[in-house]
Trainee: 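Could you have a look at this structure, given as C-alpha coordinates, before my questions?
Labels below follow one simple rule: chain letters A, B, ... track the order of the sequence lines, proteins then strands, and each chain is numbered from 1. When reading the values below, keep in mind they use all heavy atoms of this one structure, side chains included, and skip hydrogens, waters and symmetry mates. As the structure is a computational prediction, the values presented were derived from the model and not from experiment.
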Amino acid sequence: MIALVDCNSFFCSVEKVFHPGLNGKPVCVLSCNDGCIVALTPEAKALGLRRGDPIFKKKDIVQHYGVKLFSTNMYLYAAMSKRVNNILRSAVPHSEVYSIDESFLYLDGLEKYHDLEDYMRGVVEKVRLYTDIPVSVGIAHTKTLAKIGSKFAKQYKGYHSVCMIDNEEKRRKALALFDLSDVWGIGKQTLAKLNYLGIRTPLEFADKKESWVRSHFSKPGWQTWKELNGISCIDTSEVAQRQTICTSRSFGNLVTDYDALQASVASFAASCANKLRGQHSLTSAVTVFVSSNRFREDLTQYSNGQTRILPMPTSDTIEITQAALSVLKEIYREGISYKKTGVILGDITDASYIQQNLFDEVKNRPERMQLMKSIDALNHRFGLRKIHLAVEGEEKQAWHAKSEFRSGNYLSDLKEILTIQI
DNA sequence: TCTGGGGTCCTAGGACCC
DNA sequence: TCTGGGGTCCTAGGACCC
(Lines give C-alpha, C1' and ligand atoms only; values in the text may rest on other atoms or scores of the structure.)
Protein backbone atom coordinates (compact mmCIF):
# COMPACT_ATOMS: atom_id res chain seq x y z
CA MET A 1 0.00 0.00 0.00
CA ILE A 2 1.05 3.57 -0.72
CA ALA A 3 0.25 6.64 1.35
CA LEU A 4 0.23 10.15 -0.04
CA VAL A 5 0.84 12.78 2.62
CA ASP A 6 -0.26 16.23 1.53
CA CYS A 7 0.23 19.39 3.60
CA ASN A 8 -2.99 21.41 3.77
CA SER A 9 -2.63 24.79 2.01
CA PHE A 10 1.05 24.46 2.80
CA PHE A 11 2.41 27.99 2.28
CA CYS A 12 -0.45 29.46 4.33
CA SER A 13 0.00 26.83 7.03
CA VAL A 14 3.68 27.74 7.35
CA GLU A 15 2.84 31.44 7.73
CA LYS A 16 0.23 30.53 10.35
CA VAL A 17 2.80 28.62 12.38
CA PHE A 18 4.60 31.91 12.97
CA HIS A 19 1.44 34.04 13.17
CA PRO A 20 -0.84 31.90 15.34
CA GLY A 21 -3.38 34.71 15.63
CA LEU A 22 -4.40 33.93 12.05
CA ASN A 23 -6.03 30.60 12.90
CA GLY A 24 -9.49 30.46 11.36
CA LYS A 25 -8.85 33.65 9.35
CA PRO A 26 -8.65 34.08 5.56
CA VAL A 27 -4.99 34.02 4.50
CA CYS A 28 -3.41 34.17 1.02
CA VAL A 29 0.18 33.73 -0.12
CA LEU A 30 1.03 35.62 -3.31
CA SER A 31 3.29 34.82 -6.24
CA CYS A 32 6.46 36.69 -7.01
CA ASN A 33 5.87 40.46 -7.32
CA ASP A 34 2.79 40.03 -5.10
CA GLY A 35 0.93 39.25 -8.32
CA CYS A 36 -1.40 36.27 -8.08
CA ILE A 37 -2.74 34.06 -5.30
CA VAL A 38 -0.71 30.84 -5.16
CA ALA A 39 -2.00 29.44 -1.87
CA LEU A 40 -5.07 30.19 0.23
CA THR A 41 -6.85 28.89 3.30
CA PRO A 42 -10.41 27.43 3.16
CA GLU A 43 -11.60 30.65 4.83
CA ALA A 44 -10.19 32.67 1.92
CA LYS A 45 -11.70 30.24 -0.58
CA ALA A 46 -15.09 30.71 1.08
CA LEU A 47 -14.88 34.42 0.22
CA GLY A 48 -14.70 33.55 -3.48
CA LEU A 49 -10.93 33.89 -3.87
CA ARG A 50 -9.22 31.33 -6.11
CA ARG A 51 -5.72 30.14 -6.77
CA GLY A 52 -4.35 32.11 -9.72
CA ASP A 53 -6.48 35.23 -9.19
CA PRO A 54 -4.49 38.45 -9.72
CA ILE A 55 -4.74 40.03 -6.29
CA PHE A 56 -5.22 43.60 -7.57
CA LYS A 57 -8.55 42.51 -9.04
CA LYS A 58 -9.71 41.28 -5.61
CA LYS A 59 -8.76 44.35 -3.61
CA ASP A 60 -12.32 44.95 -2.48
CA ILE A 61 -12.71 41.48 -0.97
CA VAL A 62 -9.28 41.68 0.65
CA GLN A 63 -10.05 45.01 2.29
CA HIS A 64 -13.65 44.30 3.24
CA TYR A 65 -12.94 40.98 4.95
CA GLY A 66 -9.46 41.78 6.22
CA VAL A 67 -7.78 38.97 4.28
CA LYS A 68 -4.18 38.61 5.47
CA LEU A 69 -1.71 38.64 2.57
CA PHE A 70 1.85 37.30 2.49
CA SER A 71 4.53 37.62 -0.16
CA THR A 72 6.04 34.29 -1.10
CA ASN A 73 8.97 33.25 1.11
CA MET A 74 10.37 30.07 -0.41
CA TYR A 75 13.33 29.82 1.98
CA LEU A 76 10.96 29.58 4.89
CA TYR A 77 8.67 27.07 3.15
CA ALA A 78 11.61 24.91 2.04
CA ALA A 79 12.99 24.84 5.59
CA MET A 80 9.62 23.79 6.97
CA SER A 81 9.14 21.18 4.24
CA LYS A 82 12.44 19.62 5.27
CA ARG A 83 11.24 19.31 8.86
CA VAL A 84 8.00 17.63 7.81
CA ASN A 85 9.90 15.24 5.53
CA ASN A 86 12.31 14.27 8.29
CA ILE A 87 9.39 13.10 10.40
CA LEU A 88 7.75 11.22 7.52
CA ARG A 89 11.03 9.53 6.60
CA SER A 90 11.48 8.28 10.13
CA ALA A 91 7.97 6.76 10.12
CA VAL A 92 8.34 4.31 7.21
CA PRO A 93 11.08 2.22 5.59
CA HIS A 94 10.83 3.98 2.24
CA SER A 95 9.47 7.34 1.12
CA GLU A 96 9.72 9.71 -1.82
CA VAL A 97 9.46 13.48 -1.70
CA TYR A 98 7.17 14.36 -4.61
CA SER A 99 6.93 18.14 -4.20
CA ILE A 100 7.50 20.81 -1.58
CA ASP A 101 4.25 19.78 0.15
CA GLU A 102 3.70 16.13 -0.82
CA SER A 103 5.42 12.82 -0.10
CA PHE A 104 4.64 9.23 -1.03
CA LEU A 105 5.17 6.70 1.76
CA TYR A 106 5.52 2.99 0.98
CA LEU A 107 3.72 1.01 3.65
CA ASP A 108 4.63 -2.53 2.56
CA GLY A 109 5.18 -4.78 5.55
CA LEU A 110 3.66 -2.37 8.07
CA GLU A 111 0.22 -3.98 7.74
CA LYS A 112 1.54 -7.06 9.57
CA TYR A 113 2.01 -5.06 12.76
CA HIS A 114 -0.34 -2.10 12.45
CA ASP A 115 -3.74 -1.01 11.35
CA LEU A 116 -2.56 1.27 8.52
CA GLU A 117 -5.22 3.91 9.09
CA ASP A 118 -4.40 4.17 12.79
CA TYR A 119 -0.69 4.14 12.07
CA MET A 120 -0.94 7.03 9.63
CA ARG A 121 -3.16 8.98 12.03
CA GLY A 122 -0.29 8.66 14.48
CA VAL A 123 2.07 10.10 11.86
CA VAL A 124 -0.32 12.99 11.19
CA GLU A 125 -0.40 13.74 14.92
CA LYS A 126 3.39 13.62 15.15
CA VAL A 127 3.79 16.07 12.27
CA ARG A 128 1.27 18.38 13.90
CA LEU A 129 3.01 18.15 17.28
CA TYR A 130 6.53 18.77 15.95
CA THR A 131 5.86 21.30 13.18
CA ASP A 132 2.26 22.54 13.63
CA ILE A 133 1.61 21.75 9.95
CA PRO A 134 -1.75 20.03 9.25
CA VAL A 135 -1.54 17.19 6.71
CA SER A 136 -4.03 14.92 4.93
CA VAL A 137 -3.32 11.31 4.02
CA GLY A 138 -4.69 8.99 1.35
CA ILE A 139 -3.87 5.27 1.40
CA ALA A 140 -4.41 2.97 -1.59
CA HIS A 141 -2.77 0.47 -3.93
CA THR A 142 -1.79 3.13 -6.45
CA LYS A 143 -0.56 6.69 -6.27
CA THR A 144 -3.47 8.08 -8.26
CA LEU A 145 -5.97 6.47 -5.85
CA ALA A 146 -3.91 7.58 -2.83
CA LYS A 147 -4.11 11.15 -4.10
CA ILE A 148 -7.87 10.87 -4.41
CA GLY A 149 -7.99 9.53 -0.85
CA SER A 150 -6.00 12.46 0.49
CA LYS A 151 -8.47 14.90 -1.09
CA PHE A 152 -11.36 13.14 0.65
CA ALA A 153 -9.40 13.16 3.91
CA LYS A 154 -8.93 16.91 3.57
CA GLN A 155 -12.52 17.61 2.60
CA TYR A 156 -14.41 15.56 5.18
CA LYS A 157 -13.67 15.91 8.89
CA GLY A 158 -15.06 12.42 9.58
CA TYR A 159 -11.95 10.79 8.12
CA HIS A 160 -9.77 12.36 10.84
CA SER A 161 -7.12 13.26 8.25
CA VAL A 162 -6.71 9.74 6.83
CA CYS A 163 -8.77 8.10 4.07
CA MET A 164 -8.00 4.53 3.00
CA ILE A 165 -9.27 3.10 -0.27
CA ASP A 166 -8.44 -0.57 0.23
CA ASN A 167 -11.30 -2.54 -1.26
CA GLU A 168 -13.42 -2.66 -4.38
CA GLU A 169 -16.47 -1.13 -2.75
CA LYS A 170 -14.56 1.89 -1.44
CA ARG A 171 -12.74 2.32 -4.73
CA ARG A 172 -15.94 2.40 -6.78
CA LYS A 173 -17.64 4.73 -4.33
CA ALA A 174 -14.69 7.13 -4.31
CA LEU A 175 -14.40 7.15 -8.12
CA ALA A 176 -18.14 7.78 -8.52
CA LEU A 177 -18.04 10.80 -6.20
CA PHE A 178 -14.71 12.32 -7.22
CA ASP A 179 -14.40 15.23 -9.61
CA LEU A 180 -12.91 14.05 -12.91
CA SER A 181 -10.91 17.26 -13.34
CA ASP A 182 -9.19 16.70 -9.97
CA VAL A 183 -7.76 13.31 -10.97
CA TRP A 184 -3.95 13.30 -11.07
CA GLY A 185 -2.89 13.30 -14.72
CA ILE A 186 -6.15 14.62 -16.13
CA GLY A 187 -5.65 18.22 -17.19
CA LYS A 188 -7.73 20.64 -19.19
CA GLN A 189 -7.28 18.93 -22.56
CA THR A 190 -7.86 15.38 -21.38
CA LEU A 191 -10.91 16.50 -19.43
CA ALA A 192 -12.39 18.09 -22.54
CA LYS A 193 -11.71 14.93 -24.54
CA LEU A 194 -13.22 12.67 -21.89
CA ASN A 195 -16.30 14.87 -21.70
CA TYR A 196 -16.57 14.81 -25.48
CA LEU A 197 -16.47 11.02 -25.33
CA GLY A 198 -19.35 11.13 -22.87
CA ILE A 199 -17.39 10.39 -19.70
CA ARG A 200 -18.39 12.39 -16.62
CA THR A 201 -16.84 10.62 -13.61
CA PRO A 202 -13.57 8.81 -12.88
CA LEU A 203 -15.64 5.63 -12.43
CA GLU A 204 -17.04 5.85 -15.96
CA PHE A 205 -13.49 6.19 -17.26
CA ALA A 206 -12.15 3.33 -15.14
CA ASP A 207 -14.99 1.03 -16.28
CA LYS A 208 -14.10 1.45 -19.97
CA LYS A 209 -12.41 -1.49 -21.67
CA GLU A 210 -8.64 -1.36 -21.99
CA SER A 211 -8.83 -1.63 -25.79
CA TRP A 212 -11.13 1.40 -25.87
CA VAL A 213 -8.68 3.40 -23.74
CA ARG A 214 -5.72 2.36 -25.89
CA SER A 215 -7.47 3.44 -29.07
CA HIS A 216 -8.43 6.89 -27.76
CA PHE A 217 -5.47 7.79 -25.58
CA SER A 218 -1.71 7.41 -25.59
CA LYS A 219 0.54 6.37 -22.73
CA PRO A 220 -0.34 8.97 -20.06
CA GLY A 221 -4.10 8.40 -20.36
CA TRP A 222 -3.62 4.64 -20.35
CA GLN A 223 -1.50 4.85 -17.19
CA THR A 224 -4.11 6.94 -15.39
CA TRP A 225 -6.78 4.38 -16.39
CA LYS A 226 -4.69 1.52 -14.97
CA GLU A 227 -3.99 3.42 -11.74
CA LEU A 228 -7.69 4.13 -11.26
CA ASN A 229 -8.27 0.38 -11.59
CA GLY A 230 -5.75 -0.38 -8.88
CA ILE A 231 -2.81 -1.35 -11.11
CA SER A 232 0.22 0.66 -10.00
CA CYS A 233 2.32 1.92 -12.92
CA ILE A 234 3.45 5.50 -12.29
CA ASP A 235 7.06 5.90 -11.30
CA THR A 236 7.87 8.99 -9.25
CA SER A 237 11.30 7.99 -7.99
CA GLU A 238 13.37 11.07 -7.50
CA VAL A 239 15.93 12.01 -10.09
CA ALA A 240 19.40 12.76 -8.73
CA GLN A 241 20.04 15.35 -11.42
CA ARG A 242 17.71 17.81 -13.04
CA GLN A 243 17.92 17.88 -16.84
CA THR A 244 17.29 21.59 -17.06
CA ILE A 245 17.88 24.33 -14.51
CA CYS A 246 16.06 27.63 -14.81
CA THR A 247 15.97 30.93 -12.94
CA SER A 248 13.64 33.63 -14.19
CA ARG A 249 11.67 36.51 -12.70
CA SER A 250 9.19 39.13 -13.65
CA PHE A 251 10.37 42.58 -12.66
CA GLY A 252 8.72 44.86 -10.13
CA ASN A 253 8.94 47.67 -12.69
CA LEU A 254 9.36 47.78 -16.45
CA VAL A 255 13.03 47.99 -17.44
CA THR A 256 14.42 49.82 -20.45
CA ASP A 257 17.99 50.31 -19.26
CA TYR A 258 20.50 47.80 -20.70
CA ASP A 259 22.69 47.79 -17.57
CA ALA A 260 19.73 46.84 -15.41
CA LEU A 261 18.73 44.08 -17.82
CA GLN A 262 22.31 42.85 -17.78
CA ALA A 263 22.34 42.84 -13.97
CA SER A 264 19.19 40.71 -13.89
CA VAL A 265 20.53 38.17 -16.39
CA ALA A 266 23.87 37.99 -14.55
CA SER A 267 22.07 37.38 -11.24
CA PHE A 268 19.91 34.62 -12.75
CA ALA A 269 22.95 33.04 -14.41
CA ALA A 270 24.75 33.02 -11.05
CA SER A 271 21.72 31.46 -9.39
CA CYS A 272 21.55 28.74 -12.06
CA ALA A 273 25.28 28.03 -11.73
CA ASN A 274 24.84 27.71 -7.99
CA LYS A 275 22.00 25.20 -8.37
CA LEU A 276 24.10 23.35 -10.95
CA ARG A 277 27.05 22.93 -8.58
CA GLY A 278 24.62 21.93 -5.86
CA GLN A 279 23.74 18.78 -7.83
CA HIS A 280 27.36 18.20 -8.99
CA SER A 281 26.59 18.77 -12.65
CA LEU A 282 27.97 20.61 -15.64
CA THR A 283 26.16 22.41 -18.44
CA SER A 284 27.10 23.10 -22.02
CA ALA A 285 24.01 24.97 -23.22
CA VAL A 286 23.06 28.38 -21.85
CA THR A 287 19.73 29.87 -22.93
CA VAL A 288 18.65 33.45 -22.22
CA PHE A 289 15.17 34.80 -22.86
CA VAL A 290 13.65 38.26 -22.52
CA SER A 291 10.09 39.47 -22.85
CA SER A 292 7.99 42.60 -22.57
CA ASN A 293 4.77 42.81 -20.54
CA ARG A 294 2.18 40.77 -22.43
CA PHE A 295 -0.66 42.45 -20.55
CA ARG A 296 0.29 45.93 -21.74
CA GLU A 297 -1.34 46.17 -25.15
CA ASP A 298 -0.34 49.83 -25.38
CA LEU A 299 3.38 48.98 -25.52
CA THR A 300 5.46 47.35 -28.25
CA GLN A 301 5.56 43.60 -27.62
CA TYR A 302 8.80 41.68 -27.96
CA SER A 303 10.06 38.36 -26.74
CA ASN A 304 13.03 36.36 -27.82
CA GLY A 305 15.41 33.70 -26.62
CA GLN A 306 18.60 32.12 -27.85
CA THR A 307 20.99 29.38 -26.79
CA ARG A 308 24.77 29.45 -26.64
CA ILE A 309 26.60 26.11 -26.86
CA LEU A 310 29.75 26.11 -24.73
CA PRO A 311 32.95 24.47 -25.96
CA MET A 312 33.39 22.63 -22.64
CA PRO A 313 30.81 21.55 -20.04
CA THR A 314 31.19 23.82 -17.02
CA SER A 315 29.66 24.91 -13.72
CA ASP A 316 31.77 28.05 -13.48
CA THR A 317 29.69 31.15 -12.67
CA ILE A 318 32.03 33.40 -14.62
CA GLU A 319 31.91 31.32 -17.81
CA ILE A 320 28.14 30.80 -17.61
CA THR A 321 27.54 34.50 -16.95
CA GLN A 322 29.76 35.53 -19.85
CA ALA A 323 27.88 33.21 -22.17
CA ALA A 324 24.52 34.49 -20.90
CA LEU A 325 25.49 38.13 -21.34
CA SER A 326 26.75 37.53 -24.86
CA VAL A 327 23.36 36.02 -25.74
CA LEU A 328 21.58 38.97 -24.14
CA LYS A 329 23.60 41.34 -26.30
CA GLU A 330 22.30 39.59 -29.40
CA ILE A 331 18.64 39.45 -28.49
CA TYR A 332 18.41 42.88 -26.84
CA ARG A 333 16.35 45.37 -28.78
CA GLU A 334 16.32 49.04 -28.00
CA GLY A 335 13.12 50.89 -27.22
CA ILE A 336 11.41 47.93 -25.53
CA SER A 337 10.10 47.99 -21.96
CA TYR A 338 11.13 44.63 -20.56
CA LYS A 339 9.11 42.79 -17.91
CA LYS A 340 10.97 39.52 -17.58
CA THR A 341 14.26 37.81 -18.27
CA GLY A 342 15.47 34.31 -17.53
CA VAL A 343 18.37 31.91 -17.85
CA ILE A 344 18.03 28.18 -18.61
CA LEU A 345 20.88 25.70 -18.41
CA GLY A 346 20.53 22.60 -20.56
CA ASP A 347 22.59 19.66 -21.81
CA ILE A 348 23.41 18.81 -18.20
CA THR A 349 25.96 16.10 -17.43
CA ASP A 350 27.55 14.66 -14.32
CA ALA A 351 30.62 16.56 -13.10
CA SER A 352 32.57 13.33 -12.63
CA TYR A 353 32.47 12.50 -16.36
CA ILE A 354 34.50 15.50 -17.46
CA GLN A 355 35.81 15.26 -21.01
CA GLN A 356 39.08 16.92 -21.89
CA ASN A 357 38.99 19.23 -24.88
CA LEU A 358 42.17 19.90 -26.82
CA PHE A 359 41.01 23.40 -27.72
CA ASP A 360 39.84 24.45 -24.26
CA GLU A 361 40.62 28.11 -23.79
CA VAL A 362 40.31 28.06 -20.01
CA LYS A 363 43.71 26.82 -18.85
CA ASN A 364 43.21 26.85 -15.09
CA ARG A 365 40.04 24.80 -14.62
CA PRO A 366 41.00 23.12 -11.33
CA GLU A 367 41.80 26.50 -9.76
CA ARG A 368 38.58 28.00 -11.07
CA MET A 369 36.58 25.09 -9.61
CA GLN A 370 38.28 25.68 -6.29
CA LEU A 371 37.39 29.36 -6.48
CA MET A 372 33.72 28.46 -7.02
CA LYS A 373 33.84 26.10 -4.05
CA SER A 374 35.26 28.85 -1.86
CA ILE A 375 32.62 31.34 -2.99
CA ASP A 376 29.84 28.82 -2.34
CA ALA A 377 31.24 28.11 1.12
CA LEU A 378 31.47 31.80 2.01
CA ASN A 379 27.97 32.52 0.72
CA HIS A 380 26.63 29.55 2.62
CA ARG A 381 28.18 30.80 5.82
CA PHE A 382 27.74 34.56 5.56
CA GLY A 383 24.58 34.81 3.51
CA LEU A 384 23.40 34.55 -0.06
CA ARG A 385 25.11 36.87 -2.57
CA LYS A 386 27.70 37.98 -0.01
CA ILE A 387 30.21 37.41 -2.80
CA HIS A 388 28.97 37.96 -6.35
CA LEU A 389 30.10 39.28 -9.71
CA ALA A 390 30.10 43.07 -9.96
CA VAL A 391 27.94 42.96 -13.08
CA GLU A 392 25.06 41.61 -10.97
CA GLY A 393 24.84 45.02 -9.31
CA GLU A 394 23.81 45.86 -5.77
CA GLU A 395 20.75 44.97 -3.70
CA LYS A 396 17.35 46.50 -4.29
CA GLN A 397 17.47 47.53 -7.90
CA ALA A 398 14.51 48.67 -9.95
CA TRP A 399 14.14 45.27 -11.61
CA HIS A 400 13.84 43.35 -8.37
CA ALA A 401 10.51 41.79 -7.58
CA LYS A 402 8.13 43.44 -5.18
CA SER A 403 7.51 41.62 -1.93
CA GLU A 404 5.65 44.00 0.28
CA PHE A 405 4.26 41.41 2.68
CA ARG A 406 7.17 39.04 3.20
CA SER A 407 7.45 37.53 6.66
CA GLY A 408 10.82 36.93 8.28
CA ASN A 409 13.29 34.14 7.53
CA TYR A 410 12.52 32.72 10.95
CA LEU A 411 14.32 29.44 10.36
CA SER A 412 17.41 30.50 8.45
CA ASP A 413 18.49 33.99 9.54
CA LEU A 414 19.54 34.82 13.08
CA LYS A 415 18.72 38.49 12.53
CA GLU A 416 15.13 37.62 11.64
CA ILE A 417 14.47 35.00 14.30
CA LEU A 418 11.22 35.44 16.25
CA THR A 419 11.25 37.07 19.65
CA ILE A 420 8.55 35.95 22.05
CA GLN A 421 7.39 38.13 24.93
CA ILE A 422 6.25 36.26 28.00
C1' DT B 1 -0.17 50.78 -11.28
C1' DC B 2 -0.71 45.82 -10.38
C1' DT B 3 -1.22 39.48 -13.83
C1' DG B 4 4.29 33.29 -10.92
C1' DG B 5 8.20 30.00 -11.34
C1' DG B 6 10.26 25.53 -12.20
C1' DG B 7 10.03 21.22 -13.70
C1' DT B 8 8.95 16.26 -16.34
C1' DC B 9 7.45 13.12 -19.89
C1' DC B 10 5.55 12.01 -24.36
C1' DT B 11 4.92 12.31 -29.30
C1' DA B 12 5.13 13.64 -34.06
C1' DG B 13 7.86 14.85 -37.54
C1' DG B 14 12.21 16.12 -39.65
C1' DA B 15 16.89 14.81 -40.83
C1' DC B 16 19.68 11.44 -41.63
C1' DC B 17 21.52 6.61 -42.38
C1' DC B 18 22.01 2.23 -45.37
C1' DT C 1 4.35 4.55 -67.40
C1' DC C 2 7.03 3.35 -63.70
C1' DT C 3 10.30 6.21 -58.52
C1' DG C 4 11.58 1.47 -51.70
C1' DG C 5 11.83 -0.02 -47.17
C1' DG C 6 13.37 0.15 -42.68
C1' DG C 7 15.64 2.17 -39.29
C1' DT C 8 17.71 5.85 -35.52
C1' DC C 9 18.34 10.19 -33.39
C1' DC C 10 17.03 14.76 -32.27
C1' DT C 11 13.99 18.51 -31.32
C1' DA C 12 10.04 21.43 -30.67
C1' DG C 13 5.86 21.68 -28.76
C1' DG C 14 2.04 19.88 -26.09
C1' DA C 15 0.24 18.35 -21.79
C1' DC C 16 0.68 17.92 -17.32
C1' DC C 17 2.40 18.50 -12.48
C1' DC C 18 3.12 21.43 -7.98
Side-chain angles (χ1 to χ4, degrees), chain A residues 4-11 28-40 49-60 62 69-74 77-78 81 96-104 143-144 147 150-151 181-194 217-224 227 233-254 268 271-272 275-276 279 285 287 289 291-299 305 307 309 337 339-348 398 401-405:
Chain A
L4 185 267
V5 181
D6 188 312
C7 300
N8 302 347
S9 29
F10 182 56
F11 295 174
C28 292
V29 173
L30 306 177
S31 66
C32 161
N33 264 322
D34 299 335
C36 299
I37 298 172
V38 290
L40 67 170
L49 300 175
R50 290 290 174 269
R51 192 185 138 83
D53 285 346
I55 199 68
F56 74 89
K57 287 186 178 171
K58 303 289 170 181
K59 229 155 114 193
D60 294 347
V62 171
L69 302 179
F70 287 97
S71 303
T72 193
N73 186 350
M74 289 309 285
Y77 309 150
S81 173
E96 275 167 10
V97 175
Y98 177 65
S99 73
I100 194 163
D101 70 337
E102 283 171 78
S103 279
F104 287 109
K143 288 170 182 162
T144 305
K147 280 205 149 223
S150 79
K151 294 259 174 76
S181 63
D182 287 336
V183 173
W184 193 36
I186 295 181
K188 222 174 144 192
Q189 302 297 320
T190 313
L191 178 72
K193 188 169 171 182
L194 286 167
F217 296 89
S218 48
K219 196 175 166 186
W222 181 37
Q223 283 190 319
T224 298
E227 289 253 328
C233 62
I234 292 180
D235 179 22
T236 52
S237 50
E238 294 147 63
V239 281
Q241 286 188 342
R242 308 223 159 278
Q243 294 166 18
T244 56
I245 287 174
C246 174
T247 304
S248 70
R249 291 284 180 286
S250 298
F251 303 146
N253 301 290
L254 291 175
F268 301 156
S271 155
C272 283
K275 294 178 195 170
L276 189 68
Q279 63 167 36
T287 303
F289 63 88
S291 71
S292 53
N293 188 342
R294 64 195 162 101
F295 295 105
R296 288 288 297 271
E297 286 169 5
D298 54 323
L299 297 176
T307 303
I309 305 298
S337 298
K339 178 63 175 174
K340 184 176 182 178
T341 62
V343 175
I344 305 167
L345 304 182
D347 203 356
I348 287 174
K402 264 181 273 180
S403 60
E404 212 180 312
F405 319 108

Trainee: If you measure from CG on N293(A) to CG on N253(A), what distance do you get to the nearest 0.5 Å?
Mentor: 11.5 Å

Trainee: Mind checking D34(A) for me? I need base, sugar-phosphate or nothing, with any heavy atom below 4.0 Å counting as a touch.
Mentor: nothing

Trainee: By nearest nucleotide on DNA chain B, pick out whichever of P220(A) and S250(A) is the more 5' one.
Mentor: S250(A)

Trainee: Identify whether any heavy atom of R296(A) sits under 4.0 Å from a base atom; if not, whether one sits that close to sugar-phosphate; answer base, sugar-phosphate or nothing.
Mentor: sugar-phosphate

Trainee: Which part of the nucleic acid, if any, lies within contact of I100(A), taking any heavy atom under 4.0 Å across all strands shown: a base, the sugar-phosphate backbone alone, or nothing?
Mentor: nothing

Trainee: For K58(A), which contact category applies under a 4.0 Å heavy-atom criterion: base, sugar-phosphate, or nothing?
Mentor: nothing

Trainee: With F289(A), which residues qualify under ring-ring contact (aromatic ring centres under 6.0 Å, His included), at least two apart?
Mentor: none

Trainee: Of C32(A) and Q243(A), whose nearest nucleotide on DNA chain B comes first from the 5' end?
Mentor: C32(A)

Trainee: If the condition is side-chain hydrogen bond (donor to acceptor under 3.5 Å, both in side chains), which residues does R294(A) pass it with, not counting sequence neighbours?
Mentor: none

Trainee: With a 6.0 Å cut-off (strictly less than), is the heavy-atom count around CD of E404(A), excluding the residue itself, greater than 12?
Mentor: no

Trainee: How is T72(A) classified with respect to the nucleic acid when contacts are heavy atoms under 4.0 Å: base, sugar-phosphate, or nothing?
Mentor: nothing

Trainee: Would you give the length of the straight line joining atom SG of C36(A) to atom CZ of R50(A), rounded to the nearest 0.5 angstrom?
Mentor: 15.0 Å

Trainee: Among all residues two or more places apart in sequence or in another chain, which pass the ring-ring contact (aromatic ring centres under 6.0 Å, His included) test with Y77(A)?
Mentor: F11(A)

Trainee: Name the nucleic acid region contacted by V183(A), choosing base, sugar-phosphate or nothing; use a 4.0 angstrom heavy-atom cut-off, strictly under.
Mentor: sugar-phosphate

Trainee: How far, in whole Å, is dG4(B) from dC17(C) if one measures between their C1' atoms?
Mentor: 15 Å

Trainee: In terms of heavy-atom contacts, does CD of E238(A) have more than 12 from other residues, nucleotides or ligands at under 6.0 Å?
Mentor: yes

Trainee: Applying side-chain hydrogen bond (donor to acceptor under 3.5 Å, both in side chains), name anything that partners S292(A), two or more places apart in sequence or on another chain.
Mentor: Q301(A)

Trainee: Does anyone know the first and last nucleotide of DNA chain B in reach of chain A, 5' to 3', at under 4.0 angstrom to a heavy atom?
Mentor: dT1(B) to dT11(B)

Trainee: Using a heavy-atom cut-off of under 4.0 Å over every strand shown, decide if K59(A) touches base, sugar-phosphate, or nothing.
Mentor: base

Trainee: Answer yes or no: is there an ion pair linking E96(A) with K143(A), defined by an N-O contact shorter than 4.0 Å?
Mentor: yes

Trainee: With sugar-phosphate meaning primed atoms plus P, OP1 and OP2, does I55(A) contact a base, only sugar-phosphate, or nothing at under 4.0 Å between heavy atoms?
Mentor: nothing

Trainee: Under 4.0 Å between any heavy atoms, over every strand shown, what does K340(A) touch: base, sugar-phosphate, or nothing? Just pick one.
Mentor: sugar-phosphate

Trainee: Using a 3.5 Å limit for the pairing distances, which stems of at least 3 consecutive Watson-Crick or G-U wobble pairs does DNA chain B take part in?
Mentor: B:5-18 with C:5-18

